Amino acid sequence: MEQSNYWEPEIETMERSSLESLQVDRLKKSIQQAYKTDFYKQRLSSRNISAEDIQTIDDIRKLPFTTKADLRDNYPFGLVVTESNAVRLHSSSGTTGNPTVIVHSQQDLDNWANRVARSMYMIGVRKEDVFQNTSGYGMFTGGLGFQYGAERLGCLTVPAAAGNTIRQVKFITDFGSSCIHAIPSYAAKLGEYFQEQGIDVEKQTNLKRLIIGAEPHTEGQRRRIEQLLKVKAYNCFGMSEMSGPGVAFECQEQNGLHLWEDSFVMEIIDPETLQPVADGEIGELVLTTLDRDCMPLIRYRTRDLTRIIPESCPCGRTHRRIDRIKGRSDDMFIVKGVNIFPMQIEKILMQFPEFASNYLITIQTIDMNDVVKVEVELADLFTDDYTKLQALIKEATHRLKDEILLTPVLKLVDKGTLPQTEGKAIRVIDLREK
Amino acid sequence: MFVKQLSIFVENKSGRFPEILDILSKEEVRIIASSVADTSEFGILRMITEDNDRAYQLLSTNRVSVSQNNVLVLSTTSLAGSIGKLLKPFSKNGINIDYMYYFAAHGTGYMVLRTNDEAKTKEVVLRENMKYLTADDLKAL
């Protein structure tokens, strides 16, 4: 019998009208659940809003937003439904102020694992696969999130955790890992390591596909990773506030990420006016949980910038797609009145095969002037003619200027010398006096 | 006829030069000839070693941007006056010299040349019966 392309065909290909009425039903339940917390009880009742106010999915706009600041201000358990039986806690690093804490019941963990399994199945992972997870474990949800998802799918799962490239490669070759999850900067590093060591991925490993996520990255970065590792790399999206990975995931079309609308209501808003943008326009992603028992979140402002891809997908799934994350509304930096996103700079740098994939943007004040310095690692030296290197710097500077509207100082540095973190790569350092 | 040369990107920061040379000296890779071209932002160190493949591997795994390319090594009898003579056949045949550098060993001078046209260069060297050095010749120096 032919295997289905879907993990849960009846949900993944549900008619839009049925999906929307499912959302309305679940949204009502989520509001009732939220009322069991002190935070939402106060916030919703003061506005006289209850589950009865929701007739259609657009009625969600009657509800107030929830922000990261709300999570911090009510640290640690202000948004937790006390009657639910919490079994797991995840928390952000909390580099500024209180960390954000998300608490899960067993039901929450089961739903989450199922979403991850569904997502992995979508890109072709089957129980015969060996899945190696290079995420940090512990509090970082990319670790346990993928662990339980892959186990749910039935894969032999290798919790390699982050770092130690030599050991990762040994696992890949010894255990025959066929699917790897890595943040994009680490996937590129693995690929570059294979190349340096002269390891033929096609002959010496069983690698078939990669899952990359947790860091915004460009299409160019993805294609480079695919070239280095000679397999397809699928983009995944998630965040700890929405449990973790498995919120949205690319299908085999590699053209946008299906956001699981049986678990979340998505909206795209203008971060300034807070009004919905037109379908297909870029704005801030706002998510409401539909099946979270322990810690429902209503209209949570993710700060991630993306757009809805309104067209239907050839894969047959009816859950709408979001475009790859364009950056975070709080990653944006302003220099001389110009809004700049690190993704814009990455997009240009990735156009040059002469550069490796790691870069660092530093903004500093020199003689009362704000200067954007972009350091990029050189791949293997392509020429021994320094005039060609100078011409390369000039051309890249020119294209960067066209993109960000001011002229950066571009500096080539040796490969592997920019700071690389085990977690998310550091892309921007702002040294200006605040 | 051509021998391999390593070209190494050197970031303009203090200590980088000895750092790169240490990678090779620790593994006892002997450098036969070298030169540096520099700009205000970076330098390019060119060198021929007794085992370029090994040197390339060592540098590449130690975070150095490096490439290998072909150069021609010619011996010159006495330096003064002979270089012009040596180069004349190239210019006569429309071959440009991208760069060259000189080194000496055991009282003999050698010129390392990079031209813009390998095929034409080969023709000229054979026709003029120039004394060129192979990789093995260099190792024996």
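Nothing here was measured: the structure is a model prediction, and the numbers come from that model. A note on names: the letters A, B, ... follow the listed sequences, proteins ahead of strands, and every chain is numbered from 1.
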- [ ] Examine whether an atom of B:Glu41 lies under 4.5 Å from a heavy atom of chain A, and if so say whether it belongs to the side chain, the backbone or both; otherwise answer neither.
- [x] side chain
Open item on the list: When you compare the side chains of B:Ser60 and A:Lys415, does any donor N or O come within less than 3.5 Å of an acceptor on the partner?
Closed with: yes
Open item on the list: If we count only N and O atoms by modelled type, under 3.5 Å, do the side chains of B:Tyr102 and B:Ser35 hold a donor and an acceptor together?
Closed with: no
Open item on the list: Looking only at side-chain N and O atoms, does B:Thr108 offer a donor or acceptor that is under 3.5 Å from a partner on B:Ser75?
Closed with: no
Task: Region of B:Phe42 that comes under 4.5 Å of a non-hydrogen atom in chain A - done: side chain
Task: Interface moiety of B:Asp98 toward chain A, non-hydrogen atoms closer than 4.5 Å - done: neither
- [ ] State whether a side-chain donor-acceptor pair under 3.5 Å links A:Arg432 with A:Gln364.
- [x] no
Task: Among the listed options B:Val10, B:Thr61, B:Thr39, the residue most often paired with chain A at heavy-atom distances under 4.5 Å - done: B:Thr39
Open item on the list: At a 4.5 Å cut-off on heavy atoms, which part of A:Ala356 comes close to chain B: side chain, backbone, both, or neither?
Closed with: neither
- [ ] Measure from NZ or CZ of B:Arg46 to the centre of the six-membered ring of B:Tyr99 and say whether it is under 6.0 Å with the direction within 45° of the ring axis.
- [x] yes
Open item on the list: As an exercise: rank A:Leu389, A:Asp385, A:Thr417 by heavy-atom pairs under 4.5 Å with chain B and give me the winner.
Closed with: A:Leu389
Task: Region of B:Leu6 in contact with chain A, defined by heavy-atom distances below 4.5 Å - done: neither
Task: chain A contacts, top residue of B:Ile8, B:Ile44, B:Asn12 (heavy-atom pairs, under 4.5 Å) - done: B:Ile44
Task: Part of B:Gln5 within contact of chain A (heavy atom distance under 4.5 Å) - done: side chain
TODO: Using non-hydrogen atoms and a 4.5 Å limit, figure out which bit of A:Glu192 sits close to chain B: side chain, backbone, both or neither.
DONE: neither
Task: Salt bridge B:Lys122-B:Glu118, side-chain N to carboxylate O under 4.0 Å - done: no
Open item on the list: For A:Leu412, which atoms come within 4.5 Å of any heavy atom of chain B: side chain, backbone, both, or neither?
Closed with: both
TODO: Measure from NZ or CZ of A:Arg427 to the centre of the six-membered ring of A:Tyr359, then state whether that distance is under 6.0 Å and the direction lies within 45° of the axis.
DONE: yes
Open item on the list: If we count only N and O atoms by modelled type, under 3.5 Å, do the side chains of A:Asn206 and A:Ser178 hold a donor and an acceptor together?
Closed with: no
